[in-house]
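Each remark here refers to the structure printed beneath this line.
Sequence positions, counted from 1, serve as the residue numbers for this chain.
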Amino acid sequence: MKFAIIGGNAQALLLAHLLEKQGDVQLIVTNEAQAAELNAHGLVCGTEKQRIAVYTDLEQVDPDAYIFITVHSEELPPMLRLLKIRRPSNPLVFIQQGMLYVEKACLLAHRQIAAGTLDCDAVKVNTHEITYTKTPQLNFGLLKGEPSHFEPLLAVDHMAVQWVEDIEKRLFEQLLRDSLINPLTALMKIEKGQLITDPNAYELFRNLYNEMYLAFPEIESVQPIERVAAYCASRPEEISSMLADRMAGDPMDVDGLMLYILQVSKLDLPLFKAFYHLLKTVEEN
């Protein structure tokens with residue numbers, strides 16, 4: 001199989017590392033300095049060093065490759081325009097934070113489009129090096145087209161892969177969970193477990209859950225507070241993807257995760273909105 005991964009964040013580098021074991025991988029990194037580092041040093045994961053083809057544009061992407069898109073929301077509109085012009089027929093798999101991208105993705109002329117989440121603990125050490133400890137879990141499903149076009153991805157090794165019939169429902173459920181965890185852990189620079197064990201962090205977590213419940217009552221059934229707390233407790237030393245980006249000096253994609261919640265909520269969310277603006281300030285500075 002042939003793969004092209006667009007992005008230079010921890011998830012993009014992890015996908016490149018894993019999929020290179022499965023087939024031919026091209027990595028598209030828009031940051032020229034990072035591309036130069038990857039070409040000079042290779043992609044390093046633990047004791048492994050891989051030589052992966054790295055480019056700064058889409059010209060070299062194979063027309064038969066599955067394209068995985070991991071860029072943050074600010075980078076997405078120009079990337080979608082380039083995909084429309086230069087690679088109009090490749091099957092696309094969006095691996096993004098939140099759901100802000102879904103409508104834009106569905107409007108593309110591409111016939112085969114999937115979306116998903118990559119559950120992992122990857123940390124970007126520097127521009128060309130990552131670490132991870134647990135087996136990544138890729139959950140994805142169809143936004144547009146025929147499921148059969150994505151069946152080969154179910155046989156990918158080195159990560160657990162699951163096909164999801166109603167991917168938009170799954171994305172929203174995960175969005176509710178991540179909106180409780182990522183902003184708080186990124187702001188306070190704490191691991192997921194500390195969100196439950198630290199009394200002050202837990203108080204913020206509980207207050208945020210109560211506010212989200214008023215706007216989205218379904219959270220009580222799809223993401224009860226006990227389940228979210230148990231999720232954090234089960235991985236006490238794991239950091240959230242938003243904190244991983246902050247630690248790496250990358251954009252945290254605050255809009256990608258939080259803006260959709262603010263847009264679709266029928267109620268004002270003062271606490272959630274305060275965290276949004278705090279994180280935007282951190283991100284911009």
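- Inspection of the Asp178 and Ser240 side chains reveals no N or O donor paired with an N or O acceptor under 3.5 Å.
- Enclosure of atom CD in Glu220 is not indicated, since only 12 or fewer non-hydrogen atoms of other residues, nucleotides or ligands lie within 6.0 angstrom.
- Every residue meeting the side chain to side chain contact (heavy atoms under 4.5 Å, CB included) condition with Glu284, not counting sequence neighbours, appears here in chain and number order: Lys280.
- Judged purely by atom type and a 3.5 angstrom limit, Glu283 uses its side chain to pair as donor or acceptor with the backbone of Asp253.
- The backbone N or O of Leu176 sits nowhere less than 3.5 Å from a side-chain atom of Ser179 that would complete a donor-acceptor pair.
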Stepwise side chain to side chain donor-acceptor pair (under 3.5 Å) test for Asn139 and Gln137 = CA-CA 6 Å; Asn139 299 309; Gln137 171 77 49; 3.0 Å; yes
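- Here the closest non-hydrogen pair linking Ser241 and Asn182 is OG-ND2, 3.2 Å.
- At distances below 3.5 Å, not a single donor-acceptor pair connects side-chain atoms of Ser265 with backbone N or O atoms of Leu262.
- Clustering of Ile, Leu, Val, Met, Phe, Trp and Tyr side chains at separations under 4.5 Å places Leu243 together with Val123, Ile239, Met247.
- With respect to Glu20 and Arg51, no salt bridge is recorded, no charged nitrogen being found less than 4.0 Å from a carboxylate O.
- Checked for salt-bridge contact, Lys124 and Glu129 miss the test: no charged N lies under 4.0 Å from a carboxylate O.
- A distance-only check finds no donor-acceptor pair linking the side chain of Asn9 to the backbone of Val71 [under 3.5 Å].
- For Glu32, the CD atom sits in a loose shell: 12 or fewer heavy atoms of surrounding residues, nucleotides or ligands are nearer than 6.0 Å.
- Closest approach of Gln223 to Tyr209, counting heavy atoms only: O-OH, 2.9 Å.
- A salt bridge is defined here as a Lys NZ or Arg NE, NH1 or NH2 lying under 4.0 Å from an Asp or Glu carboxylate O, and Lys169 with Glu173 meets this definition.
- Salt bridge absent: Asp121 and Lys134 never bring a charged side-chain N and a carboxylate O closer than 4.0 Å.
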Run the side chain to side chain donor-acceptor pair (under 3.5 Å) check on Tyr276 and Asp255 step by step: do they pass?
-> CA-CA 8 Å; Tyr276 169 79; Asp255 283 349; 2.6 Å; yes
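- Electrostatic pairing of Arg235 and Asp119 counts as a salt bridge here, judged by a charged N lying under 4.0 Å from a carboxylate O.
- Taking the six-membered ring where tryptophan is involved, the planes of Phe3 and Phe68 are tilted, since the angle between them lies from 30° to 60°.
- Between Phe272 and Phe275, the ring centre distance reaches or exceeds 6.0 Å.
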Hey, can you pull the donor-acceptor pairs under 3.5 Å for the side chains in residues 36-43, sequence neighbours left out?
unit_1 : atom_1 : unit_2 : atom_2 : d
Glu37  : OE1    : His41  : NE2    : 3.3
Asn39  : ND2    : Ala35  : O      : 3.2

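- In the model, Gln50 has a side-chain atom that pairs as donor or acceptor with a side-chain atom of His17 under 3.5 Å.
- Asn90 places a side-chain N or O within donor-acceptor distance of the main-chain N or O of Pro63, the cut-off being under 3.5 Å.
- Residue Glu59 places its CD atom among more than 12 non-hydrogen atoms of other residues, nucleotides or ligands, all under 6.0 Å distant.
- Residue Lys2 places its NZ atom among 12 or fewer non-hydrogen atoms of other residues, nucleotides or ligands, all under 6.0 Å distant.
- Checked by atom type and distance alone, the side chain of Arg111 never pairs as donor or acceptor with a backbone atom of Gly145 at under 3.5 Å.
- Of all heavy-atom pairs between Ala115 and Ile167, the closest is O-CG1, 3.3 Å.
- Look at Lys273 and Asp268 and you find a salt bridge, because one of the NZ, NE, NH1 or NH2 atoms lies within 4.0 Å of a carboxylate O, short of that distance.
- Counting heavy-atom neighbours within 6.0 Å of Glu237 CD, excluding the residue itself, gives a total of 12 or less.
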